[in-house]
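Atom set for the values below is all heavy atoms of this structure, side chains included, hydrogens, waters and symmetry mates excluded. Sequential numbering from 1 along the given sequence is applied to the chain's residues.
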Amino acid sequence: MVRFAESFWDKDPTGTAGYDTIIKRLKDGKKVCDDLVEFLKQRAKAEDEYGKALMRISQQAGASDEIGTLKDCIEILKKETESIGLSHCELSKRIEDVGKKVATFRDDQKNERTRMDEKMKRVQKEKKNAFESVVRAKGRYEHRCREFDIAHEALESLSNYTPKEEDKHRGKVAKAKSSQENADQQYQSSVLLLKQIHDIWEQEMQVSCDRFQAMEEERIRFLRNELWLYCNVSSQMNVDEDKMYENMRLQLEKCDDSKDIVVFIHSKQTGSEIPSPLKYENYYHPSKRDVAGSDQIKPKFLSLGRNITPKAVSLSTSTTSVPAFVDSEDADEESAYSVVRPEVITQRSSPSIVVASYDYNAQSPKELTLKKGDILQVLQYVDENWGFGKCQRSGETGAFPLRFVQKFVN
């Protein structure tokens with residue numbers, strides 16, 4: 001297996017590019033954990049809100065007036081909807097638990113990575129300082145070597161010199177030699193110290209690489225397992241939910257329209273006897289009754305060769321008497337004339353044109369609805385208050401109050 005400890009070294013003695021690459025990977029893994037924790041948090045919140053909404057609407061659902069097998073279906077629908085809501089709330093808690101485990105794992109890895117990173121940074125700093133110390137010691141050593149060489153060459157090149165001058169040059173050579181030896185010792189000591197620190201750094205680097213690799217492998221396995229668990233609990237939710245819907249379907253199979261009709265009739269019936277219709281009673285001759293009822297009533301107007309028996313009723317919008325045209329086939333002429341005098345009709349029987357002065361809403365199907373400005377042809381004057389005519393606007397014929405019209409003046 002490829003190892004971090006074999007793949008992330010740096011050619012630069014003080015470089016940390018390989019190590020920094022590993023640390024960045026671990027930090028990126030931490031960011032992935034952060035995003036996953038937020039995802040699970042939002043998913044759990046959505047499940048909780050959805051579950052509570054289902055429970056709320058199941059409690060608020062009406063249909064309390066239903067009866068029979070359909071009522072049982074609606075009741076189990078409400079019950080199972082509430083159960084589904086509870087299941088989603090439970091799923092929310094389980095997803096939330098997964099998120100908490102991921103958050104705990106993320107924090108644990110962060111703490112261990114931070115601890116090891118701080119230790120490695122100390123060792124890297126010590127190695128860098130030791131390396132720089134070696135570079136400086138080497139520089140001094142080389143400088144002292146050059147000084148010694150110069151002093152020695154000067155001594156060798158002297159000619160015709162006095163003993164005093166020779167002693168002076170020999171003193172410079174000895175001093176340069178001593179400085180060179182001291183610099184050499186410091187240089188060697190620095191190199192030795194650097195080697196010791198480098199060995200420690202190399203060991204810590206390998207340990208850190210191995211541990212960081214193990215942490216990364218652990219992170220991948222952990223997240224894979226937790227996501228697997230997340231899928232399982234979500235999938236199980238679907239299985240449980242389908243069982244609840246199956247309960248609804250089983251209850252719906254028992255729904256029978258004929259049974260529900262029987263239940264409704266038995267619980268709400270009001271009677272099985274059909275009431276008799278009202279009989280016609282002649283106002284002027286109570287002894288004459290139309291057995292067939294009022295279906296044979298046929299309005300007849302004198303202008304068309306038919307009798308009219310006007311019966312005055314009171315308008316809600318006026319105190320003017322309104323003739324309610326009723327059938328008078330069985331009423332004799334004497335009784336009819338006792339209500340409307342024939343001379344009233346004949347005196348004003350010639351057709352004329354009138355104009356509606358006001359709006360008027362018909363009070364019965366035999367009356368005309370008038371709009372202000374409507375032109376009407378008067379076909380018959382029924383009495384002092386009512387006329388019978390045709391409206392040019394609608395083309396309909398019927399009775400109308402005379403006080404709502406005035407004669408047409410060209």
Side-chain angles (χ1 to χ4, degrees), residues 65-68 257-258 260-346 348-349 356 358-371 374 376-391 393-405:
D65 296 331
E66 190 52 69
I67 60 175
D257 55 323
S258 59
D260 286 7
I261 294 299
V262 171
V263 171
F264 171 71
I265 291 175
H266 286 171
S267 62
K268 302 293 183 179
Q269 62 183 344
T270 59
S272 58
E273 295 184 1
I274 302 175
S276 300
L278 292 177
K279 305 296 183 180
Y280 168 74
E281 297 181 3
N282 189 283
Y283 182 81
Y284 301 99
H285 300 279
S287 61
K288 293 186 177 183
R289 301 177 183 273
D290 184 0
V291 178
S294 59
D295 292 341
Q296 297 180 357
I297 297 176
K298 300 176 182 178
K300 297 184 178 181
F301 298 92
L302 292 176
S303 62
L304 302 177
R306 296 176 292 184
N307 295 327
I308 300 175
T309 303
K311 179 182 177 182
V313 297
S314 177
L315 283 175
S316 59
T317 59
S318 171
T319 58
T320 304
S321 297
V322 180
F325 299 100
V326 299
D327 189 18
S328 60
E329 283 184 296
D330 295 332
D332 57 14
E333 294 183 0
E334 182 180 357
S335 62
Y337 288 155
S338 65
V339 178
V340 179
R341 299 189 307 278
E343 60 269 21
V344 174
I345 299 174
T346 57
R348 305 174 65 181
S349 60
Y358 312 97
D359 291 346
Y360 174 73
N361 293 324
Q363 304 297 309
S364 74
K366 298 172 184 177
E367 295 178 17
L368 286 175
T369 293
L370 303 180
K371 299 294 183 181
D374 281 351
L376 297 90
Q377 181 181 9
V378 182
L379 302 177
Q380 188 77 45
Y381 287 96
V382 180
D383 59 19
E384 295 295 332
N385 296 317
W386 287 87
F388 182 83
K390 181 176 181 179
C391 177
R393 174 180 58 80
S394 63
E396 297 178 346
T397 58
F400 60 89
L402 294 176
R403 71 186 189 88
F404 278 76
V405 300

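Note: Asn361 CG to Lys371 NZ = 6.5 Å, rounded to the nearest 0.5 Å. Rounded to the nearest 0.5 angstrom, Thr369 OG1 and Gln363 CD are separated by 8.5 Å. The CG atom of Leu368 lies 7.5 Å from the CZ atom of Phe388; values are rounded to the nearest 0.5 Å.
Nearest approach of Ile67 to Ser267, heavy atoms of both residues: CD1-OG, 4.5 Å. Leu376 approaches Leu370 most closely through the heavy-atom pair CD2-CD2, 3.5 Å. Summarising the geometry of Tyr358 relative to Arg403, their closest heavy-atom pair is CE1-O, 4.2 Å, with the distance given to 0.1 Å. Nearest heavy atom pair, residue Gly395 against residue Lys390, reads O-CE, 3.7 Å.
Between Val405 and Val378 there is no side-chain heavy-atom pair separated by less than 4.5 Å.
Evaluation of the salt bridge (charged side-chain N to carboxylate O under 4.0 Å, His left out) rule for Asp374 yields Arg393 as partners, not counting sequence neighbours.
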